[in-house]
Number of protein chains: 2
Amino acid sequence: MKKSFLLLLLAGASTAAAQSAAPLTASLDNVKLTVALTAAGQPTYAVTYRQKPVVTASRLGLQLAHGNGFDGPLVLTGSETKTVDETWQPVLGEVKNIRNHYQQLTVHLRQPAAPGRKLDVVFRVFADGVGFRYEFPRQPNLQYFVLGEELTEFALPADHKAFWIPGDYDTNEYPYTVSKLSEVDNTQLVKGSNDIAVRNAPDAQMVATPLMLKSADGLYVNIHEAAQVDYPAMQLHVDRASHRLTARLVPDAVGTKAYLHAPGHTPWRTIIVSDQAADILASKLILNLNEPSKLKDTGWIKPMKFVGVWWEMQTGKSNWRYADSADTLNAAGQLIPNGHHGATTVNVKRYIDFAARHGIAGVLVEGWNEGWEDWFGNWKEAVFDFVTPYPDFNVAEIQQYAKSKGVQMIMHNETSGSATNYEQHLDTAYQFMNRFGYPAVKTGYVGRIIPRGEHHDGQWMSNHYVRVAEMAARHHVTVDMHESVRPTGLGRTYPNWLACEAGRGNEYNAFTTEGNRPEHETIMPFTRFMGGPMDYTPGIFKLRNYEPEHPERHVHTTLAKQLALYVVLYSPLQMAADLPENYEQHLDAFQFIKDVPVDWDDTRILEAEPGEYISTARQQKGSSSWFVGAITNEKARTATLNLSFLPKGRRYTATIYADAATANWQTNPEAYKISQQTVQAGTTLRLSLAPGGGAAISLVPVK
Amino acid sequence: MKKSFLLLLLAGASTAAAQSAAPLTASLDNVKLTVALTAAGQPTYAVTYRQKPVVTASRLGLQLAHGNGFDGPLVLTGSETKTVDETWQPVLGEVKNIRNHYQQLTVHLRQPAAPGRKLDVVFRVFADGVGFRYEFPRQPNLQYFVLGEELTEFALPADHKAFWIPGDYDTNEYPYTVSKLSEVDNTQLVKGSNDIAVRNAPDAQMVATPLMLKSADGLYVNIHEAAQVDYPAMQLHVDRASHRLTARLVPDAVGTKAYLHAPGHTPWRTIIVSDQAADILASKLILNLNEPSKLKDTGWIKPMKFVGVWWEMQTGKSNWRYADSADTLNAAGQLIPNGHHGATTVNVKRYIDFAARHGIAGVLVEGWNEGWEDWFGNWKEAVFDFVTPYPDFNVAEIQQYAKSKGVQMIMHNETSGSATNYEQHLDTAYQFMNRFGYPAVKTGYVGRIIPRGEHHDGQWMSNHYVRVAEMAARHHVTVDMHESVRPTGLGRTYPNWLACEAGRGNEYNAFTTEGNRPEHETIMPFTRFMGGPMDYTPGIFKLRNYEPEHPERHVHTTLAKQLALYVVLYSPLQMAADLPENYEQHLDAFQFIKDVPVDWDDTRILEAEPGEYISTARQQKGSSSWFVGAITNEKARTATLNLSFLPKGRRYTATIYADAATANWQTNPEAYKISQQTVQAGTTLRLSLAPGGGAAISLVPVK
């Protein structure tokens, strides 16, 4: 049996040698893929869009840590194609139905010399791009193995404009740089980044994905990955001379990349392409490449808007910690309260009252549990136990109060990067949530990772995040992960994994004077959000003078733009991040936050250009109402909103939350005007957006 | 307040400068300690025994990873002494009462320059040696800190004979070398060690502790540590020219040593000394330096003899794994049984029957749970889930059967070194034990550690073992850890932590042809056992031809010596390691194993010389019966057993299990003779021990 099997392989190989002259192809609509072996036996692929080169002949391969990998010559032993066209429904999402239409090309490769290991590369060609992954078939000479490096390349035909952040092993919390590929150098960004983020970016020419690119002739290209499971995050080394990008995997504590098993596979590498920027935002390619939900029962998974005891800490009004030192105790051996603790029963009730009054479903409370006196910067393992409240936070009383008001409490589990400690307490922590009725948890990973030497974005931590999502699902808890690896569409597979931060959120306007530049939110949907929802925490109304100790700090948008973000930035979890007292100054504008949904039946990108503007319309889940968000960068502009998405013949009342004529993110950010008009499918609205401004619209059918 | 505090310190310092000329001393009986500062401000200590130098002036100090540590000059700011004399009772042990008598000297040191950090060194001088540790007082400039290295030295006055194993970060499973200190070189040992043990011994002159030493003039010195908690294991670098030993801590994944907090302290460094080898074995210094039991209720903690489905796997009769491959499944997607699985319901019942018939309390079963097909060598994280049995192992049926026979099942949790995976499942695994009535667990850590880059004996894993012991205690489960760090007396603090392997057990006679040389068990009590009980798995009766595939392998003792090990090697857990069918060939000899207890009221070391012989007498807990074990190395000798420990005027029936006249570990190991005689306090027994032989005696009062 074994012998004939080997003979068959050799036969296949000789056929392949002949075949390798003729490249393999697959295509759908305007996207065409070509796969070929070089004369030296090096597999390569190339992608075109409307005959334009997207990726020119680029290397495929993998290096194994112990040698005999897929970095030497390979022979082609066969290939197959198939076409799939199906439609599926996400549990939560931007649209009700998602079409998954692709042509698949599977390429079988084999080492010509001993040990004759086999490797498949599976490509899926969609109308808006290509996904591919390496698959390791079951085989006698490859069972458990360690990956030294992935050798995938993305050779770009020209020196594109790139929207990039540094390729950092531990954080994505950087502002975006817009530069030519030939100008990529992350040195100053890494040096200048905030202390709260652990920095580990040893390669100055390394960028993170999702990487957004634009060619001089107007082609938009996005490179990322899908379904990053049991594998480190892929970053891209930029060869500034040749514009060739090379995959680099985030290493583990001993410098290798991944511990794999055959049969198995890598995540998908994704290339999304269009000559319309809006198509990039509308792409469902990454979600389509993820596995369907592993959860059978998803009825308990609820999207949610929430307020929280959080921005008051970010801005220094209160603090996470109850005492100033855990090492200085009173005579009774207790912590000495510092009088600035935010998570007190009294204060939390104030937020619950506000949420109840305005129909906001959830209340997040940070700093409720013991450990915040010395939680950060010590690389210590046993920081929090996730179940012990401070003396002034009465878990049971708060839970009763919230319940009586119809409000749900959101748990906060900060790990300070001590993932081993979190795993030691995971079972207990989730039982605690169940016991006290917390349906959702926000997790955090601020600080250097334990296991020491591991990184936020390596294989071990990537597996950890999945373990947490699975544990949460077992306890019917939804998850919002902060400081995790950036998402790759896994919300499809674990629908309770509602959102991640894993990017530079609105909070940087509180942390830093640099803040988030006005262009930031026009780039985020093309980059960070390509992989999945972000808990960006929009909705700041008091845009200046919120930090007495830092009067120079301000949010880099207008108030109207803060509203628009609820539509432009998709997430099934959206915080109304400002303080109740600040909302109470602008309850007319707050009405939009009350009205805007967090789950949708349809989405239309009306206009978009990365770094400049985005206007997005979305239809409320199970409703005829639509909501529109339009944002601009630091330049004033007129948003042209063609309402052709509305059903023909039906009239809508448009409530428009726009920048006032004098609004300006720098000088007059809180100037907005609210107006109403009746509109229909034929209407085109032209709205003036202030510098750093935006507009939000609710469209409700006229009864 | 702060100012006056500083002034006080400076005042103390100037006093100290004057003081440093006059060394500080402490002493008890024949042991004298001297502590002094060198002219350069370097603290040193020295120890003498009956005026003989034990350790000459030796460095004290600690290097911090971020500088400003205790490696530069220090000033003495004060000192105190006190004397303690108390007696305590161990939950389980070799003796009923333990006297803890010492003079304590606390030395306060401070950096003369900024930041003026403070360090205390606390010495306890016992009649049989010295313990000391570093203590970090609460202070403003030292809170959380990372240890770069401990700088403690043990300067020996001469080129002693040493009984040593390599200082390996991951294993203690080496044979002992007896050599001069000037000859220490572990290179060949490390190279030649068995594949099952992970090897990491980068320094050829590094040895492990407990290190046993003997001077040319007959002084016995043992160096180890006590209460190794939240700190890596200490190893010793041997300067072959000067005979100076320098502490080296097992590193973590990033090359540093320990993450510490002030107030806090290191483990105790121990020096046990006597001119009688027997005193070393009788020393309770290490136990005395450990903290009292953290468990309030200890009534549930039971010592135990047990048999198990284990030696049959070690010798190749059966296997841990159910299938030969986890990647090859049958049509129904199930593992394909290989027909050699040891942990079957039928086979386990056979062991239960044997245990019940002979009054052996427990039955251990290895290989009962899924994962053994590819458990080892792949550095894979998710190996076992600790709750899923193979299809031929019926957990409930076996539990019912054992219960009906009055036998207790012992759980086996092999982690293959994947400690993170074990911690992820810890709660579930112990709930499973409770559910199915397992009162004890044997854990294992064969293989490279995960977190990757961590070592078996580093700080992270040391904390892990304690976490496991604590989790087990919460579930009223006793623990026997294999491949853990070697013990340091923590069984006092966690009395449910009954034993460790952490040394080269009897199993090496099955694994390897080299096996354990006849001298091995005469060295182990002076080395590995100094820190606590070992699950050595004695009691092999079929000493040759037990491995059909390796006829050259044999156990390097006689049968009588196997019996003697139950007394000589103290452990509250003792396996009767051989197969039931082998015991059934020698039920007369097996009677000793049935009779010998595992918990004691008193212990007398009758004669001892490391590497040559040991004769030990122990009094059964709560009984007048005594048991004696006498062993020799490869040389025949006459054991001279003075029974003066028996109560005067009371006659005892001595049942003597001795080597037959023709017995020899190489040529005739299973030749023994059993005799009885009446003895009393005045009797001296002279027993001939064969080469590699021994003798076991039970002494029961004549009624």
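Every chain is numbered from 1, with letters handed out A, B, ... down the list of sequences. For the numbers below, each heavy atom of this structure counts, side chains included, while hydrogens, waters and symmetry mates do not.
For B:A262, the part lying under 4.5 angstrom from a heavy atom of chain A is the backbone only. Residue A:L260 does not touch chain B at all, counting heavy-atom pairs closer than 4.5 Å.
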Candidate pair B:F386 and B:V441, rule side-chain contact (heavy atoms from CB on, under 4.5 Å), full reasoning: CA-CA 11 Å; B:F386 311 98; B:V441 62; over 6 Å; no
Chi angles and distances behind the side-chain contact (heavy atoms from CB on, under 4.5 Å) call for B:L329, B:L335: CA-CA 5 Å; B:L329 305 176; B:L335 293 170; 3.9 Å; yes
Verdict with supporting geometry, A:L64 and A:V146, side-chain contact (heavy atoms from CB on, under 4.5 Å): CA-CA 6 Å; A:L64 303 195; A:V146 182; over 6 Å; no
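Of all the heavy atoms in B:V479 and B:A472, the pair that sits closest is CG2-CB, 3.2 Å. Across every non-hydrogen atom of A:L295 and A:A473, the tightest pair is CD2-CB, 3.6 Å.
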Present all donor-acceptor pairs from chain B to chain A with distances below 3.5 Å, rounded to 0.1 Å.
from   : atom 1 : to     : atom 2 : distance (Å)
B:R138 : NH1    : A:D327 : O      : 2.2
B:Q143 : NE2    : A:D327 : OD2    : 2.8
B:Y144 : OH     : A:D374 : OD2    : 2.4
B:Y144 : OH     : A:K380 : NZ     : 2.6
B:H261 : NE2    : A:D327 : OD1    : 3.1
B:H261 : NE2    : A:D327 : OD2    : 3.0
B:D327 : O      : A:R138 : NH1    : 2.0
B:D327 : OD1    : A:H261 : NE2    : 3.1
B:D327 : OD2    : A:Q143 : NE2    : 2.8
B:D327 : OD2    : A:H261 : NE2    : 3.0
B:D374 : OD2    : A:Y144 : OH     : 2.4
B:K380 : NZ     : A:Y144 : OH     : 2.6
B:E381 : OE1    : A:W460 : NE1    : 3.1
B:E381 : OE2    : A:W460 : NE1    : 2.8
B:E423 : OE1    : A:Q424 : NE2    : 2.5
B:Q424 : NE2    : A:E423 : OE1    : 2.5
B:W460 : NE1    : A:E381 : OE1    : 3.0
B:W460 : NE1    : A:E381 : OE2    : 2.7

